[in-house]
Amino acid sequence: MVRLSSDTAADIASMPKGKLHVHEVRLFDPKPRPIQGLAFETASSRLAVVRCCVNEEEGRPAAYFLEIWNLSAAPCLEFKIILSREWRESVEAVCWRSRRLLYVSGMHGHVLLVDVETDQVLKTAAAVSGPVWCLGLNSDKTRLAAGTEDGFVSLFNVEDEQSLEYLAVLEPKGSRVLSLSWHPSKPLLVSSGRGRLWLWDMERETLKVEMRPHKPGKEEVIVSSVLLLKNDTIVSGDSAGSTIFWDASTGTPLMTFHSHRSGVLSLAYQDSDEGLRVFASGIDSLITEMRLITNNRGASSTWVTATPRYYHTHDVRALCHTGKFLVSGGADAYLGVATELAQRFIKIPPNTDVAKVTAATSYVSPGVPLLLFQNATRLEVWQLSKNTLELPTQSSFNPADHFQLLKFTFGKGSETITATALSPNGEWLVASSARLTKAYRVVLTKDAKNRVDINIVAAQTSGDALSLPVDHFAFAGNSNLVVADTKSVYSCTTKWTDKHGQPSALVERKVEVCSLGPDERIRHLATSKNGQYVATVSRGNRLQVFDCAHPAAEDVRETEAEDARNRAGTKWRVLTPPQSASLVTAVSLTDSADLLVAYANGTVASFGLRSLQYAKIAGVWKDSTVATSSSSSAYTHSSVEGTLAVLHNWKEGVLLGRDQGSGEWRVRQFLSYDEHLISSLLSPGGDLVNVVQTPSMLQNQLPPALAKKVFGV
C-alpha cells in the first residue's frame with residue numbers, strides 16, 4: 001500500500017485543481033530475472049550484472065541481458081545491453097578490461113570483447129574447446145584466461161586494449177573448469193573443477209600443484225569457486241558447503257569451514273588496511289564472512305568466521321566486493337548492496353529499473369488514464385478507473401476498478417523490447433527491439449453498455465523513421481514523435497493512412513535534432529510538449545538541450561558557426577546546463593521551459609531554458625542526511641505534468657510544484673512506499689499513478705527456498 005505524508009491535505013488544497021487523483025496499480029506483474037554473475041571495474045565504479053530471462057514453458061534460461069550499474073555514489077542503473085541473438089542465449093561469465101570494454105563468454109564457446117557504451121561486439125575469439133564457464137584477467141592486463149567444458153584453460157593475448165588473440169591452452173585435467181583466479185602480483189593461476197584444484201606456473205605454463213578436497217561420500221565434490229590471495233593462500237568453495245583455505249606452496253589445507261548447509265556457489269574477497277576478508281555464498285541463501293586475524297606481535301595469523309548474513313531468500317549465485325560495497329545477487333533477482341561492516345544494506349528490487357510504464361488519456365473516455373506496460377517481450381494496455389483514492393495514509397483497492405484492454409507479444413515472441421511509447425491521446429503505440437520497430441494504431445470503441453473495447457492495428461508498411469531499430473521514443477504532442485537511434489536524434493510528424501485496405505504509418509516531416517558520434521549512444525531522452533526542446537543524456541554522461549525553434553547563433557562568423565555545429569552535431573541552438581561529475585539519473589522537460597535533473601549523489605536541480613539560470617532544489621529528501629551520505633539515495637525516474645513533477649526511486653519519492661510567483665520549484669510532499677515501486681508518474685490528465693509490485697508477488701514467481709533455522713546458521 002502506498003503511504004503518503006501526513007501533510008497531504010494541506011498540500012492538495014493549495015494545488016491548482018484542488019485535488020489530486022491517485023491510482024494504485026498492483027496488476028502489472030513482470031517476471032523477476034535472476035542474477036547469474038557480477039563484475040566490478042574500479043576506475044569507473046561500474047558494475048556489470050548478468051540477468052537471465054526464464055522460458056516459462058520449458059523452465060530454462062531463454063535469454064541473458066547485461067545491466068551496467070554505477071556505484072560511484074548511490075547504486076544506479078546506467079543502461080542495459082542486449083546482445084545480438086546468437087550471443088544472448090548464454091552468458092556464463094563477464095570480466096572487465098577497462099571502463100567501457102567488457103569480456104563476455106557463454107555456452108557458444110566464444111569470448112567476446114564488448115564496448116558497453118555502444119553495445120558493439122568489437123572482437124570474438126573461439127576458446128577451441130567447448131562452452132566457456134569462467135574468465136580471468138591477470139593483474140597487468142596482458143593475458144586473459146578462459147575455463148572450458150572440456151577441461152582446457154585457453155589463454156588469450158590482450159596486451160592491446162582492443163586485441164583478443166588466441167595464444168595456447170593449459171594441459172587438460174579431465175574436468176570442466178568452473179572457476180579460475182590470478183595471483184594479484186605473481187605469474188600464478190588457480191583453476192577448479194570436479195574434485196580438484198590446480199595451481200599453474202604461468203611463466204612456464206606448467207602445473208605446479210594439484211589439490212583434492214575431502215570427499216564426504218562416494219562422489220567427488222564440485223569446486224565451483226576459487227580465489228588466489230596476495231599472501232599465497234588459495235580459497236575454494238565446493239558443493240559440500242565447505243570453504244577451504246590452502247597453502248599455495250605445498251597444496252595442503254590450512255583450515256576448513258563448513259560454512260553452508262548446501263553448496264558454495266561464489267567467493268569474493270576484500271583487501272584493506274584492516275586485513276583480508278573472504279565472503280562465501282551458497283544455495284542456502286547465506287553469506288558468510290571469514291577474516292584473517294593476526295596476533296599482537298604479528299608472529300602468527302588465523303582465519304575466523306564473522307556474523308553470518310541473510311540478505312536473500314534464495315540461492316546467492318554471485319558475489320563481488322568493490323572496496324566500498326559487498327554486492328550480491330541470485331535467484332530471488334534482488335541486487336543486494338551492503339556497506340562496510342554491514343552497517344547499511346540496500347536491497348534493490350528486480351523490476352523497478354527494467355519494466356517501463358507510460359501513461360496516456362483515453363480519447364473515448366476523457367479524463368480516464370491509460371497505461372502501457374513494457375516487459376521483456378510483452379506489452380499490456382490497461383484502462384484505470386475514475387475512482388479517486390483518499391490520499392491521507394489509507395486507501396482502498398479494488399482490482400475490478402482497473403481492467404486490461406490488451407495484452408500481446410511483440411514480434412514473434414523472440415524479440416526483446418528496447419523502447420516503447422504511447423501518444424498522450426492513446427491513439428499511437430510504437431515499440432522497438434534490437435532488430436525492428438513497429439507502429440500500431442490503437443482503436444478504442446464503446447459498446448451499448450458503455451464498456452470500452454480495444455483493437456490494435458499494426459502498420460503493414462512504415463517510413464524508415466518507424467521501421468529501423470531505435471533506443472528511445474518520446475511523444476511531443478499526439479502525432480509528433482522524437483526518436484533516438486544509434487546514429488542521430490530526430491523528430492518526425494506521423495500520419496496514419498488506410499489506402500487500399502493496407503494500414504500504413506507515414507512520416508510527413510522528419511527533422512534531425514542532432515547527429516551522434518560513432519562512440520555515442522543516448523541514455524536518457526526527454527522532450528517538451530510542443531516539441532521545441534529536446535534533452536539528451538549520453539552514456540558518457542553528457543547532458544544537452546536542443547532548442548529546435550532557433551538555429552545556431554548567427555551573430556558570429558559563418559566559419560565559427562559551422563565549427564560549433566559540427567562539434568555539437570546539430571544545426572540548432574544548444575543549451576548546456578552545468579555539467580556534473582555525478583551520474584545523471586533522470587531528466588524531464590516542463591511546460592514552463594524548465595529542465596529538471598536528478599543526479600546519483602542525491603542532488604535535484606532545475607535549469608531555466610529561457611533564463612539560463614541553474615539552481616539546486618533544496619530539501620528534496622525527507623531524511624536530511626541523505627545528500628551527505630557516502631552511500632546516498634538517488635531519484636531514478638521523473639515525470640512532469642503542468643506545474644507538478646514527481647521524482648522517485650523504488651522506495652521513496654517527492655512531489656514538486658512550481659511557484660507561479662517566483663518560478664521556483666519547491667517540495668510539495670514526500671512520498672514513501674511500503675511496496676516496490678515500479679513507476680510513479682503523472683498522466684496527461686493530471687492523475688498520479690503508482691505502479692507497485694509487492695514482495696509476495698515476486699515470491700510467488702520463484703521456486704521454493706531452502707528452510708532456514710530459527711537459531712544458529
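What you see is a predicted model, and the numbers here were worked out from it, not measured in a lab.
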Rounded to the nearest 0.5 Å, what separation is found between the [atom1] atom of [X] and the [atom2] atom of [Y]?
{"X": "W246", "Y": "L228", "atom1": "CH2", "atom2": "CG", "answer": "14.0 Å"}
{"X": "T256", "Y": "H214", "atom1": "OG1", "atom2": "NE2", "answer": "9.5 Å"}
{"X": "C134", "Y": "E92", "atom1": "SG", "atom2": "CD", "answer": "10.5 Å"}
{"X": "M290", "Y": "M255", "atom1": "CE", "atom2": "CE", "answer": "10.5 Å"}
{"X": "T206", "Y": "D201", "atom1": "OG1", "atom2": "CG", "answer": "4.5 Å"}
{"X": "I283", "Y": "S239", "atom1": "CD1", "atom2": "OG", "answer": "8.5 Å"}

Flag the pair [X] and [Y] as a salt bridge only when some basic side-chain nitrogen lies within less than 4.0 angstrom of an acidic carboxylate oxygen.
{"X": "E161", "Y": "K141", "answer": "no"}
{"X": "D119", "Y": "R539", "answer": "yes"}
{"X": "E220", "Y": "K215", "answer": "no"}

Heavy atoms only: give me the nearest [X]-[Y] pair and the separation to one decimal.
{"X": "F65", "Y": "I82", "value": "CD2-CG1, 4.0 Å"}
{"X": "F156", "Y": "A127", "value": "CZ-CA, 4.1 Å"}
{"X": "S249", "Y": "V209", "value": "O-CG2, 4.3 Å"}
{"X": "N157", "Y": "S163", "value": "O-OG, 3.5 Å"}
{"X": "M107", "Y": "S90", "value": "N-OG, 2.9 Å"}
{"X": "R33", "Y": "A333", "value": "O-CB, 3.3 Å"}

Measure from the side-chain N and O atoms of [X] to the backbone N and O of [Y], and report whether any donor-acceptor pair falls under 3.5 Å.
{"X": "S582", "Y": "N601", "result": "yes"}
{"X": "Q693", "Y": "P30", "result": "yes"}
{"X": "H183", "Y": "S185", "result": "yes"}
{"X": "D315", "Y": "R317", "result": "no"}
{"X": "S192", "Y": "V223", "result": "yes"}
{"X": "D238", "Y": "V264", "result": "no"}
{"X": "S175", "Y": "R194", "result": "yes"}
{"X": "S266", "Y": "L319", "result": "yes"}
{"X": "N649", "Y": "A634", "result": "yes"}
{"X": "W198", "Y": "L207", "result": "no"}

Does any part of the side chain of [Y], heavy atoms only, come nearer than 4.5 Å to the side chain of [X], both counted from C-beta?
{"X": "Q699", "Y": "H314", "value": "yes"}
{"X": "W650", "Y": "T636", "value": "no"}
{"X": "F325", "Y": "F40", "value": "no"}
{"X": "F245", "Y": "P253", "value": "no"}
{"X": "T124", "Y": "H108", "value": "no"}
{"X": "V116", "Y": "W96", "value": "yes"}
{"X": "T313", "Y": "S285", "value": "no"}
{"X": "N541", "Y": "R523", "value": "yes"}

- Task: Would you tell me whether T148 and D150 have side-chain atoms, one donor and one acceptor, within less than 3.5 Å of each other?
- Result: no

- Message: When you compare the side chains of W133 and E149, does any donor N or O come within less than 3.5 Å of an acceptor on the partner?
- Response: yes

- Geometric cation-pi criterion, R521 with F79: 6.0 Å, 45°: no

- Message: Test side-chain contact (heavy atoms from CB on, under 4.5 Å) on L292 and N231; report intermediate values, then the result.
- Response: CA-CA 11 Å; L292 183 63; N231 63 351; 3.8 Å; yes

- Check the pair N138 / M202 against side-chain contact (heavy atoms from CB on, under 4.5 Å), numbers first and verdict last. CA-CA 10 Å; N138 65 354; M202 297 309 295; over 6 Å; no

Take atom [atom1] of [X] as the centre, draw a 6.0 Å sphere, and report whether it contains more than 12 heavy atoms from other residues, nucleotides or ligands.
{"X": "R99", "atom1": "CZ", "answer": "yes"}
{"X": "E219", "atom1": "CD", "answer": "no"}
{"X": "K208", "atom1": "NZ", "answer": "no"}

- Verdict with supporting geometry, V158 and K123, side-chain contact (heavy atoms from CB on, under 4.5 Å): CA-CA 11 Å; V158 292; K123 291 287 180 65; over 6 Å; no

- Query: Can you name the ring pair (Phe, Tyr, Trp, His ring centres under 6.0 Å) partners of Y103, sequence neighbours left out?
  - Reply: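 In terms of ring pair (Phe, Tyr, Trp, His ring centres under 6.0 Å), with neighbours along the sequence ignored, Y103 is linked to no residue.
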
- Query: Stepwise, does the side-chain contact (heavy atoms from CB on, under 4.5 Å) test hold for L102 with R46?
  - Reply: CA-CA 11 Å; L102 183 71; R46 279 178 168 171; over 6 Å; no

- Parallel under 30°, tilted from 30 to 60°, perpendicular over 60°: which one fits the rings of H312 and F345?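 Perpendicular.
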
